[in-house]
Amino acid sequence: MSQDWWRHAVIYQVYVRSFADSDGDGVGDLPGIRSRLAHLRDLGVDAVWITPFYASPMADGGYDVADYRAVDPQFGDLGDVRALVDDAHALGIRVIVDIVPNHSSDRHAWFQEALAGRGRERYVFREGVGDRPPNDWESVFGGPAWTRVADGSWYLHLFAPEQPDLNWELPEVREEFRDVLRFWLDLGVDGFRVDVAHGMVKAPGLPDIGHADQLTLLGTAPLPFFDQDGVHEIHRDWRAVVDSYPGERVLVAEAWTPSAERTALYLRPDEMHQAFNFHYLTAPWDRDALRSVIDSSLAAVAPVGAPTTWVLSNHDVQRHVTRYGGGEKGVRRARAALALMLALPGSVYLYQGEELGLPEVLDLPDEVLQDPMWERSGHTERGRDGCRVPLPWTTAGPSLGFGTGGSWLPQPPEWAKLSVEAQAGDQDSMLSFYRTALRARRENPATGVTVTWVDGPEGVLWFERDGVACALNLSGAVVELPDPGPVLLASSYYGVRDGQVLLPPDTALWWRTAAEAVTSDFA
Ligand code: NOJ
């Protein structure tokens, strides 16, 4: 396996509950993932990131961990993790697991002890102000970030009340997590996606924010509970642990910060290897916005020598086919967005089901919703279940091949046509395009770190890197480009007339420019 593999890897996210179910209980599991590894091999990804499968009461889909060293029986056991890692490695696919250090489950032994009045310093307990919580912080899922316990004191939970925040000022907490990292590294995993990597340290004195609608500040403004400088010491400590193992194991930060520059701090050479590029994910489908976020993303990581990452969807956001307008338009844009993303230098994250062009399920009945956001928001936010509906693998059968029973969220019947089985033999399908596009990237790897913009027709995003050009037509009308010669990849059909390429709207094209690599700056 190659050196610095993570710098230009394509990493596929598996949301374990919704990928494949081996035992018919309607919930995806580890043997299910194992049984579908061939799909990932055929897609051509370098690594898989698996969301939490640890012992959990599932108050937040497993991001509430009751035992960091145990597998939830719903998902399998430690033997299944070993078998999955071995099988994936045999196919040349690395395995990244999730780690959730900001908070544990309220069922974790430590929190149970804390409720009984012992070891409370492992969490963030405070006295309130009269009948009010200790400060004005709001939970990311809505409502106050504090819950009161029987003796009248309050504990902090930036997410659900079932997810009490750990106290990272305490050496015992730090040592425990070092040990958890070693546990999974010993088992053979290739790295960790670090949940809420920007949250573990809070501003001294837990000051009020003084702003009512704090959700609007997430990822856009400085907050006393996110992106505090103190988190970096923890990351440096973790990097030393990970580096003490052979085989280039990696740390990937989930870090929502107000700017690309703040995110780059997580990527200093002795910290994390990568961070999700949420600024890219949230950019609108607009030429100038995309160009600007590409520039700022590349510029921000340049001083720290880290690769940037690109991501369009994950288990927390609306699927991008829907975000980009839905229907045929959304699918067409999603194809072009993939071509753009794979042409950029750096590493790419894919979310399960985007290779099938799955849309967000917007009409899940109220009674099946499980995301804590739904309850916590007083039924005003439907939450994230719409992007977590189990995958369709076959055109028929119970839960469309997801498993032998039902599925924990209902699949739209029309997903039969979007199943892997339906798409695999169709050369125009989204699945075929993903396979083709990933192959084109492997054959023309994005190993450089810069892009050079080319002035083209208005509304066209056009750049070159590593001897490959990529043009994406965001103008809303057909544009003419000088015929570039042999095309390496096209996201949709295009025309050629009188030596000109006719590039339809929302279509991206790659072609080879020159044998030598492009080395000029991105500005
Ligand atoms: C980020 C995870 O991606 C999300 O699903 C979870 O709810 C929060 N962190 C809390 O752990």
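We count ligands from 1, going down the list as the structure has it; atoms in each ligand are counted the same way.
When hydrogens are left out, the protein atom nearest atom 6 (C) of ligand 1 is Asp60 OD2, 3.3 Å; that is the closest non-hydrogen contact. From the protein, the heavy atom lying nearest to atom 8 (C) of ligand 1 is Phe159 CE2, 3.8 Å. For atom 3 (O) of ligand 1, the nearest protein heavy atom (residue, atom name, distance) is Asp316 OD2, 2.5 Å. Remark: minimum distance from atom 1 (C) of ligand 1 to any protein heavy atom is reached at Asp195 OD1, 2.9 Å.
The environment of Arg382 atom CZ is dense: over 12 non-hydrogen atoms of other residues, nucleotides or ligands sit within 6.0 angstrom.
Proximity of Arg388 to ligand 1 is established by a heavy-atom distance of less than 4.0 Å. The closest approach between His157 and ligand 1 stays at or above 4.0 Å for every heavy atom of the residue.
Residue contact check: Arg193 has heavy atoms under 4.0 Å from atoms 1 (C), 2 (C), 3 (O) of ligand 1. Atoms of ligand 1 found under 4.0 Å from any heavy atom of Arg384, numbered from 1 in the order shown, are 4 (C), 5 (O), 6 (C), 7 (O). Every atom of ligand 1 with a heavy atom of His103 under 4.0 Å away is listed here by number and element: 10 (C), 11 (O). Close approach to Val196 involves these atoms of ligand 1, each under 4.0 Å from a residue heavy atom: 9 (N). Every atom of ligand 1 with a heavy atom of Phe141 under 4.0 Å away is listed here by number and element: 7 (O).
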* Would Tyr123 and His103 count as a side-chain contact (heavy atoms from CB on, under 4.5 Å) if you check the C-alpha gap in whole Å, the side-chain angles of each, and the deciding distance to 0.1 Å? -> CA-CA 9 Å; Tyr123 293 89; His103 43 265; over 6 Å; no

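With respect to Arg69, the salt bridge (charged side-chain N to carboxylate O under 4.0 Å, His left out) criterion is satisfied by exactly one of Asp186, Asp77, Asp179: Asp179.
For the residue pair His157 and Asp165, the shortest heavy atom distance occurs at CA-OD1, 3.3 Å.
Remark: Leu156 CG to Lys202 NZ distance equals 6.0 Å, nearest 0.5 Å.
Checked by atom type and distance alone, the side chain of Arg82 never pairs as donor or acceptor with a backbone atom of Leu187 at under 3.5 Å. Not one N or O on the side chain of Arg94 forms a donor-acceptor pair closer than 3.5 Å with the backbone of Asp190.
Tyr155 and Phe111 have perpendicular rings, their planes meeting at more than 60° on a 0 to 90° scale where under 30° would count as parallel.
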